[in-house]
Amino acid sequence: MGTYPKARPHAKDLTVIIKKFVEEANELAKKKGLNELRKVLEQNAPQLLERKIKEKRVGLPDLKNAINGQVVLRFAPNPNGPLSFGHSRGIVINSEYAKRYEGKWILRFDDTDTVRKPPLPSAYKSIQEEVEWLTGKPADKIVIASDRIETYYKYASELISKGGAYICTLSAEEFREFRQTKSNSPDRDRSPEENLKLWERMLNGDFQPGEAVVRIKTDMTLPNPALRDWPALRIQDTENNPHPRENINSKYKVWPLLDFQSGIEDYLQGVTHIIRGKDLMDSTRKQTLLYEHFGWEYPETVYWGRVKIHELGGFSTSGMRNDIENGKYSDWDDPRLPTLASMQRRGFSPEALRNFWIELALTQKDISASMATIYSHNIKIIDETAPRLFFVKNPFPLELIDGNEQIPSNFKTQIHPEDENLGYRIWELQKENNLIYLEKEDLQLAKENNNKIRLKDFADIQIKDNIASIISLEPSEKLPIIHWLDSKNSYDAVLEITRENEIQLIEGKLENFPKLKLNEITQLERIGYAKIENKNKLIFIHN
RNA sequence: GCAGCUGUAGUGUAGUGGCCCAUCAUGAAGCCCUCUCGAGGCUUCGACCCGGGUUCAAAUCCCGGCAGUUGCACCA
């Protein structure tokens, strides 16, 4: 009936008719079997035999009013530090949509607060690098707000002279009174000419921070208090809090606030779609009011809810910056921090992160996801190529001797169990004076099996008085299989594991692997995936 | 307090009036395979916030609750 809406009004009559036929069919099936029924259908309505397969929407939902080739998106972080994991959602979603619609996306640095959220000079560069790492290419365009202050001034002047904005000399507390009581501030009625004069004085530095602010004239009786004559530009003490970019420094005293700067810039850049957190819903409403003053059309806006990752802490950039400066964390890529730098360092695949965010999609629900989901995405990417290696924690040495069988001249096993093409790991073994390492815990495991155990891909051994003798090369009985190393083919290495915000350094022996590449992801057998930070240092990713 | 937004399995998602006794993934449990506690294969578990209404038909529309969450900054 979904396909034939015309039939809907007759639903009641139809059910009676349908019931009749269903009964008839059931009767037929009962008497002559299902196959007979199938034959009848094949003759009269073969399409009914094909079970329709539900198509599930994959990936991100469509964007409203998106015209292929004309979509312009933007992502606007504050460069007061490198990006957190939370930021990566904005980058992934925006860049994915740009790709889908063959449009472009702008990376914009909203660096307009020099006092509370002073930009970090290195972040301008590191954020661009992080973007490139995550998406595989640079953003289509870079815009830096602090480069464009004068442009924002121009639009502010224009709006003031049109009477759409005014200079308010009330303190924030004083204005709050008016906002709460839905009444106009006395400054509201000043003429555009007077306001323009005050605006000039603001620019000249006649006012101290807090003494004057430019407000967008909306309506003090608006039901949503946030929208009532909202502030657009304010004064910052850039003598004591200079902008860290050298050419900006103390050049400007009047600075735009987010809602104004962002609104003007989105218009100037021709942004067609804004994807932002729902905490910025009021921003949309404020900016829509601003656009009305100018007669502009506001972009399509999509919101996402808050995301919490169970295992990760908060994403406050300023907070992390403090902790790093206080020495609580080593740097932005400290494995305990929920930063992109940290995840990159720990060996998360950018593709996995992209898949993760795409799967979470765009909903206004507040989400709380688990690292397990990210791990699972990551494993799908890295497992196929990760070379298998042995790492023996807390190594316990044993002397390997001939037993029922002699020590072979070498040990050979596949680099990857599912892909022979990746090659082999080959160690040369000596006939005498062979020292092998087992994990202390595995020694215990051997004890529980009459001091017998199987060295993976090698041999069953019998352990006695720190001596391991070979029982057989082929598995002789069902013994636990453990990883192991030989002293000539291994060296000291450290595995760094972060658990519950504690960094643990585990010393051990790492298999000597001539093909070892820096920053490569390996799978330490029976331990988990790890990244090779340098020859002697591994970082644990997950298992 | 005022204003907004959201409510589908443990978690995340699909679903916009009949293809839904509800999709897929993750998770958990079990089995198979494998000389790794990895990967792969199979099976099972588990959800439409509640209450009314509209309709032949409601996860889907309407009303009312309830819960969660966000904003009300001269931060972004």
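Every chain is numbered from 1, with letters handed out A, B, ... down the list of sequences.
Under the 3.5 Å distance criterion, the side-chain polar atoms of A/Asp486 are matched with a main-chain donor or acceptor of A/Asn489. Of the possible donor and acceptor atoms, one in the side chain of A/Arg228 sits under 3.5 Å from a partner among the backbone N and O of A/Arg179. The backbone N or O of A/Ile374 sits nowhere less than 3.5 Å from a side-chain atom of A/His377 that would complete a donor-acceptor pair. Not a single donor-acceptor pair under 3.5 Å links the side chain of A/Thr301 to the backbone N or O of A/Ile274. Without hydrogens or angle criteria, A/Gln128 side chain to A/Tyr124 main chain gives a donor-acceptor distance under 3.5 Å. With hydrogens and angles disregarded, a donor-acceptor distance shorter than 3.5 Å links the side chain of A/Asn378 to the backbone of A/Ser349.
Spacing of P atoms, B/A22 relative to B/G46, comes out at 11 Å, to the nearest Å. Going from the P atom of B/U44 to that of B/C5 covers 42 Å, rounded to whole Å. A gap of 14 Å separates the P atoms of B/U8 and B/A47, to the nearest Å. Taking atom P in both B/G65 and B/A3, one finds a spacing of 13 Å when rounded to whole Å. The P atoms of B/C61 and B/U6 are separated by 12 Å, rounded to the nearest whole Å. Rounded to whole Å, the P atom of B/C50 lies 36 Å from the corresponding atom of B/A39. The P atoms of B/U16 and B/G30 are separated by 37 Å, rounded to the nearest whole Å. As rounded to the nearest Å, B/C33 and B/C42 have P atoms that lie 15 Å from one another.
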Contact string for nucleotides 31-39 of chain B, one letter per nucleotide 5' to 3', B = base within protein heavy-atom range under 4.0 Å, S = sugar-phosphate only, - = neither, reads ----BBBBB
For nucleotides 67-76 of chain B, 5' to 3', base contacts (B), sugar-phosphate-only contacts (S) and non-contacts (-) with protein non-hydrogen atoms under 4.0 Å give --SSSBBBBB
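Taking atom CZ on A/Arg285 and atom P on B/C2, their separation rounds to 17 Å, with Å as the unit. When rounded to the nearest whole Å, the span between CG of A/Leu227 and P of B/C2 equals 17 Å. Following rounding to the nearest Å, A/Trp304 (CH2) and B/G12 (P) show an atom-to-atom distance of 18 Å. Taking atom CD on A/Gln364 and atom C1' on B/G12, their separation rounds to 17 Å, with Å as the unit. Between A/Trp230 atom CH2 and B/G4 atom P there is a gap of 20 Å when expressed in whole angstrom units. If you measure from atom CD1 of A/Ile367 to atom C1' of B/C5, you get 14 Å, rounded to the nearest angstrom. Put simply, NZ on A/Lys308 is 11 Å from P on B/G12, counting in whole angstrom units.
Look at A/Arg526 and A/Glu439 and you find no salt bridge, because none of the NZ, NE, NH1 or NH2 atoms lies under 4.0 Å from a carboxylate O.
The salt bridge (charged side-chain N to carboxylate O under 4.0 Å, His left out) analysis of residues 203-214 of chain A, with sequence neighbours excluded, yields the pairs A/Arg201-A/Asp206. Evaluation of the salt bridge (charged side-chain N to carboxylate O under 4.0 Å, His left out) test over residues 380-389 of chain A, restricted to residues two or more places apart or in two chains, returns A/Asp383-A/Arg388.
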Restricting both atoms to N or O, compile the protein contacts to nucleotides 24-27 of chain B shorter than 3.5 Å, with distance only.
residue, atom, partner, partner atom, Å
B/C24, O2, A/Lys56, NZ, 3.0
B/A25, O2', A/Glu359, OE2, 3.3
B/U26, OP1, A/Lys380, NZ, 3.1

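The side chain of A/Thr363 places an N or O atom within less than 4.0 Å of a non-bridging phosphate oxygen (OP1 or OP2) of B/U13.
Using a 4.0 Å heavy-atom criterion, one finds that A/Thr413 contacts no nucleic acid atom at all.
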**Message:** side-chain contact (heavy atoms from CB on, under 4.5 Å), that's the test. Do A/Tyr267 and A/Leu290 meet it? Break it down for me.
**Reply:** CA-CA 11 Å; A/Tyr267 170 75; A/Leu290 176 71; over 6 Å; no
- Let me see the working for A/Tyr97 and A/Leu362 under side-chain contact (heavy atoms from CB on, under 4.5 Å), right down to the final yes or no. CA-CA 12 Å; A/Tyr97 273 125; A/Leu362 270 186; 3.6 Å; yes
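Listed here is the closest heavy atom pair of A/Asp442 and A/Ile453: O-CD1, 3.7 Å.
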The dot-bracket string of RNA chain B, counting Watson-Crick and G-U wobble pairs with both distances under 3.5 Å, using [ ] for crossing pairs and | for pairs to another strand, is (((((((..(((.....[.....)))((((((.......))))))...(((((..]....))))))))))))....
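Ring planes of A/Trp199 and A/Tyr153: perpendicular class, angle over 60° (limits at 30 and 60°).
Side-chain contact between A/Asp237 and A/Val115 is absent, with no heavy atoms from C-beta onward closer than 4.5 Å.
Taking OG of A/Ser368 as the start and CD1 of A/Ile309 as the end, the distance is 8.0 Å to the nearest 0.5 Å.
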